[in-house]
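So the structure is just underneath, and the comments pick up after that.
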Amino acid sequence: MNWVSDDSDGSSVDLSWLNDQDQHHDDDEPPLPLIRAPANQALQDETGASTSSLVPHFVDMGFSQELVAKAIKENGDGNSGSILELLLTYKMLEESPSGNEGNQENTLSDDNDWGDDELSDIDDFDDMDFELEMSGQASFSKKLRTLEEMGFSRDAASSAIERCGEDVPIFELADSIYAAQTAEKEGGVWDYDAFHSDQKKEGDKYDPFSHDNKRRRCDGASSSHHRSSIQMRERLKRAYRRPTTTSRRCGGDGDAVGELDNLNLPNPMVGFGLPTDSGRQLYRDIPMEAQGPPYFFYENVALTPKGVWPTISRFLYGILPEFVDSKYFAAACRKRGYIHNLPIANRFCLEPIPPKTILDAFPLARVYWPTWDTRTQFNCLQTCIGSAKLTERIREKLVASDYPPPPDVIRWVMYECKKWNLTWVGQNRVAPLEPDEVEFLLGFPRDHTRGVSRTERYKSLGNSFQVDTVAYQLSVLKDLYPNGIRVLSLFSGIGGAEVALHRLGIKMTAVLSVEISPINRTILRSWWEQTGQVGELEEVDDVQCVDDAVLERFIARHGGFDLVIGGSPCNNLAGSNRHHRDGLSGEHSSLFYHYFRILDVVKHLMARN
DNA sequence: CATACAATGAAAGCGAAC
DNA sequence: GTTCGCTTTCATTGTATG
């Protein structure tokens with residue numbers, strides 16, 4: 001709390017800007033937030049309880065039922081990342097059944113450019129057979145067998161072949177069966193559980209981040225599915241091919257690993273350069289299909305399991321991530337990767353420039369700060385804090401020691417202090433940062449998250465942007481949109497993007513915010529109203545509900561989106577997760593593909609207008 | 001007011017991947 | 001050396017009932 005104190009020691013910084021006090025509240029017409037109810041509650045409950053997540057998960061991404069079934073069958077079980085790679089492969093084969101598009105390096109071969117074992121799972125199935133089936137040239141019995149492997153009954157398969165003819169591709173046959181079954185069940189979904197019953201998960205605890213337990217299937221998703229599937233096919237193909245194009249090849253090392261597969265974290269981690277760096281990079285090439293508007297901005301943790309950033313990058317037009325550590329913008333580290341298509345010249349910083357050392361940020365800590373604690377900045381602010389037991393153990397240990405303590409004690413205390421971001425609050429006393437201190441370090445207005453439980457505040461803040469860092473990258477939008485911008489904010493959280501834009505002085509004329517946590521939505525809406533925003537804030541609770549209809553309606557109302565911004569869940573990527581660090585295929589982190597999907601739809605819809 | 005029960009919040013313990 | 005975490009257990013608060 002010492003950072004809000006008055007100038008008792010003469011060294012505190014002016015932090016009055018944190019309160020947004022200049023904003024007046026409009027008594028006449030407070031902006032009316034538009035809350036969209038989930039599209040079809042009954043349908044959600046019905047499908048959510050009985051369906052495993054994998055099939056609808058991939059179907060939502062634009063793959064057809066039969067392809068998903070095939071991929072799961074080939075893959076075995078569990079690893080949805082491998083399944084996705086398979087699906088991409090199938091898509092490509094489906095796209096070019098003859099395997100000949102004049103681009104020989106895209107065909108699957110032993111010397112493929114992936115350089116790792118990502119595709120090893122498909123080694124044991126016959127490409128040619130599959131191609132034949134996909135192109136409709138396989139025999140009746142072969143098709144029958146494939147359809148059975150997909151989980152359809154022999155009766156359904158044979159009647160479908162009779163109904164459609166022997167010459168149609170296998171996926172059309174599967175479509176036909178699926179359509180028939182769907183019609184019978186009146187909106188039910190393909191019975192994945194019967195096919196893979198051991199995959200079924202039971203969820204009885206509410207988890208705000210879970211899309212397994214309360215999966216939502218929205219009206220309109222299926223009607224728009226075919227068109228989305230077609231438009232996404234091109235993108236998927238490109239995502240798959242990206243690392244094999246010659247322009248992306250790594251020169252010299254000869255191991256045929258694409259540049260994207262060799263993403264190294266820069267040191268220092270300053271992205272295209274710091275504001276103070278006179279030699280910073282000002283221009284870069286953005287692939288034509290990725291150029292804005294709409295501009296997009298994607299964020300996630302920098303230190304992910306291997307292969308995650310290359311995959312994300314492939315899906316986002318092959319743009320390389322800009323890795324930035326927030327320690328250059330604030331007093332705490334925050335190593336993050338950002339993929340965006342924004343211009344990078346003429347960036348500027350938020351004012352005032354925040355303090356960049358612990359003691360500048362919290363001057364009162366100096367009194368108790370031992371000389372042997374050499375930290376000048378905090379480590380990454382996370383969602384959990386150190387326990388009281390730990391701080392007590394540290395105190396006991398220090399009280400029992402001389403001053404300065406012996407090296408082994410110092411080593412242990414420093415280890416725990418760095419691990420849990422403890423600060424000094426008394427003689428031999430350490431403590432976790434207070435929520436409002438975390439708010440300050442992350443660049444949020446004071447008390448931005450106040451009003452919810454302490455645990456929730458830490459959780460929401462730990463999942464958020466560092467505002468100054470993001471604002472620096474977004475600052476180029478100010479000149480581009482002097483009259484305000486229309487924002488699609490995915491995984492909004494507590495509104496880091498909105499706060500950054502607001503502090504940059506960029507007017508938000510309309511925001512479509514997607515955030516699963518009602519607590520975070522309340523925080524954002526409350527901030528929106530109290531800062532006197534004049535734009536319209538429309539809220540959706542689940543990215544899986546953001547379909548063509550939702551986006552079309554917004555675009556019809558506001559003319560389009562200027563910025564698509566969001567950082568998808570990192571729980572399955574973050575190093576501190578010792579249980580489910582499953583990479584992009586993880587239950588939560590796989591929601592990244594919805595960012596990809598939604599961005600794709602937005603670009604498509606806006607190109608049409 | 002006392003009790004049982006439910007709901008929520010806080011605390012503590014949990015290593016591995018890079 | 002660092003890491004936008006997860007799960008279980010315990011404590012506290014809220015609520016319905018008598």
Side-chain angles (χ1 to χ4, degrees), chain A residues 203-210 262-265 267 269 298-310 323-327 330 332-338 374-375 377-394 411-422 431-435 438-439 441-444 449 451-467 469-470 491-494 496-497 515-520 566-584 586-589 591-592:
Chain A
D204 55 359
K205 281 183 68 174
Y206 172 71
D207 178 349
F209 290 116
S210 171
N262 262 343
L263 280 183
N264 292 321
L265 297 178
N267 185 20
M269 195 180 281
Y298 174 80
E299 179 260 11
N300 216 319
V301 290
L303 283 75
T304 61
K306 260 183 182 171
V308 168
W309 273 111
F323 290 109
V324 183
D325 191 336
S326 293
K327 72 179 182 180
C333 298
R334 202 167 188 81
K335 299 180 179 66
R336 295 292 180 268
Y338 307 89
T374 55
R375 289 178 298 166
Q377 292 186 305
F378 289 113
N379 280 333
C380 184
L381 304 169
Q382 302 193 112
T383 58
C384 298
I385 62 168
S387 67
K389 278 269 175 62
L390 174 64
T391 62
E392 176 58 15
R393 281 203 299 273
I394 289 174
R411 198 158 42 238
W412 173 70
V413 172
M414 286 311 301
Y415 171 79
E416 297 293 349
C417 283
K418 288 177 180 176
K419 182 176 182 177
W420 293 108
N421 270 329
L422 303 177
L433 292 165
E434 291 293 312
V438 179
E439 285 170 349
L441 289 170
L442 290 177
F444 283 92
T449 60
V452 303
S453 83
R454 197 179 162 82
T455 314
E456 290 293 343
R457 293 181 75 181
Y458 284 121
K459 184 174 174 183
S460 295
L461 286 162
N463 282 319
S464 177
F465 289 163
Q466 206 288 325
V467 171
T469 312
V470 171
F491 313 103
S492 302
I494 56 175
E515 170 57 39
I516 192 77
S517 157
I519 290 174
N520 287 344
S568 61
C570 71
N571 352 16
N572 305 122
L573 311 178
S576 22
N577 187 339
R578 61 188 63 181
H579 296 98
H580 304 290
R581 197 182 187 190
D582 307 324
L584 263 191
E587 178 186 355
H588 307 301
S589 294
L591 291 174
F592 155 73

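Side-chain nitrogen and oxygen atoms of N379(A) include none within less than 4.0 Å of the OP1 or OP2 phosphate oxygen of dG1(C). Distances shown here put a side-chain N or O of T455(A) below 4.0 Å from the OP1 or OP2 atom of dA10(B). For S387(A) and dA11(B), the shortest distance from a side-chain N or O to OP1 or OP2 is not below 4.0 Å. The phosphate of dG5(C) has neither OP1 nor OP2 within less than 4.0 Å of any side-chain N or O from N572(A). Of the side-chain N and O atoms in H580(A), one or more sit less than 4.0 angstrom from OP1 or OP2 of dT7(C). A sub-4.0 Å separation between OP1 or OP2 of dG5(C) and a side-chain N or O of N463(A) is present.
Remark: C1' of dC4(C) and CZ of F378(A) are 17 Å apart, rounded to the nearest angstrom. Rounding to whole angstrom units, CZ of residue F323(A) and C1' of dT2(C) are separated by 16 Å. The distance between atom CG of L422(A) and atom P of dT2(C), rounded to the nearest whole Å, is 13 Å. In this structure, E416(A) atom CD and dG1(C) atom P are separated by 12 Å, rounded to whole Å. If you measure from atom CD of Q377(A) to atom P of dG1(C), you get 18 Å, rounded to the nearest angstrom. We find that OH of Y458(A) is positioned 9 Å from P of dA11(B), with the value rounded to whole Å.
Take the nearest nucleotide of DNA chain B for C384(A) and for E456(A): the residue whose nucleotide is more 5' is E456(A). Take the nearest nucleotide of DNA chain C for R411(A) and for F465(A): the residue whose nucleotide is more 5' is R411(A). In terms of position on DNA chain B, the residue among R581(A) and I519(A) whose nearest nucleotide sits closer to the 5' end is I519(A).
Residue contacts shown for S460(A) are absent, as no nucleic acid heavy atom lies under 4.0 Å away. Within the nucleic acid shown, C570(A) comes within 4.0 Å of at least one base atom, counting heavy atoms only. Residue-level contact check: R336(A) touches the bases, meaning some heavy atom is under 4.0 Å from a base atom.
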One pair to check against side chain to side chain contact (heavy atoms under 4.5 Å, CB included): V470(A) and Y338(A). What are the steps and the verdict?
CA-CA 9 Å; V470(A) 171; Y338(A) 307 89; 3.9 Å; yes
Side chain to side chain contact (heavy atoms under 4.5 Å, CB included) between E439(A) and E434(A), intermediate numbers included:
CA-CA 9 Å; E439(A) 285 170 349; E434(A) 291 293 312; over 6 Å; no
Parsed dot-bracket for DNA chain C after applying the Watson-Crick and G-U rules with both distances under 3.5 Å and | for other-strand partners is |||.||||||||||||||
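Counting distance only, with no hydrogens placed and no angle test, the side-chain atoms of R578(A) and the base atoms of dC14(B) include a donor-acceptor pair under 3.5 Å.
Each of T304(A), L265(A), L573(A) was scored for a side-chain contact (heavy atoms from CB on, under 4.5 Å) with W309(A), with one residue passing: T304(A).
Using a 4.0 Å cut-off between a side-chain N of Lys or Arg and a carboxylate O of Asp or Glu, R393(A) and E416(A) do not qualify as a salt bridge.
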